[in-house]
Asks: 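One structure follows; several queries about it will come next.
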Amino acid sequence: MEWLFIVASVVASFVVVIFFIFIGWCLVWKLYLSKFKLVRELFSQQTPEVDNSSKTQKIL
């Protein structure tokens with residue numbers, strides 16, 4: 001029974017550490033890293049915006 005508490009403690013510790021790393025990464029991304037084009041291109045999942053104004057017609 002004692003080993004169950006040890007395993008649960010280790011797993012909970014890993015979860016807490018990964019959670020804080022994730023939160024820290026999100027904060028650094030939002031506040032600092034997202035301002036750099038190279039970092040945005042490396043980590044962003046968005047495709048580059050293309051000017052489609054000549055192909056799109058307005059329907060009124």
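Just so we're clear, the structure is a prediction, and the values are computed from it rather than from any experiment.
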Asks: Do Phe19 and Leu27 share a hydrophobic cluster (ILVMFWY, side-chain heavy atoms under 4.5 Å, transitive)?
Replies: yes

Asks: Within this structure, what is the CD1-CD1 distance for the pair Ile23 and Ile21, rounded to the nearest 0.5 Å?
Replies: 11.5 Å

Asks: Are Phe22 and Val17 linked, directly or through intermediate hydrophobic residues, by side-chain heavy-atom contacts shorter than 4.5 Å (ILVMFWY only)?
Replies: no

Asks: Suppose we screen for ring-ring contact (aromatic ring centres under 6.0 Å, His included). Which residues come up paired with Phe5, at least two apart in sequence or across chains?
Replies: none

Asks: Are Trp3 and Val11 in one and the same hydrophobic cluster, where Ile, Leu, Val, Met, Phe, Trp and Tyr link if side-chain heavy atoms are under 4.5 Å apart?
Replies: yes

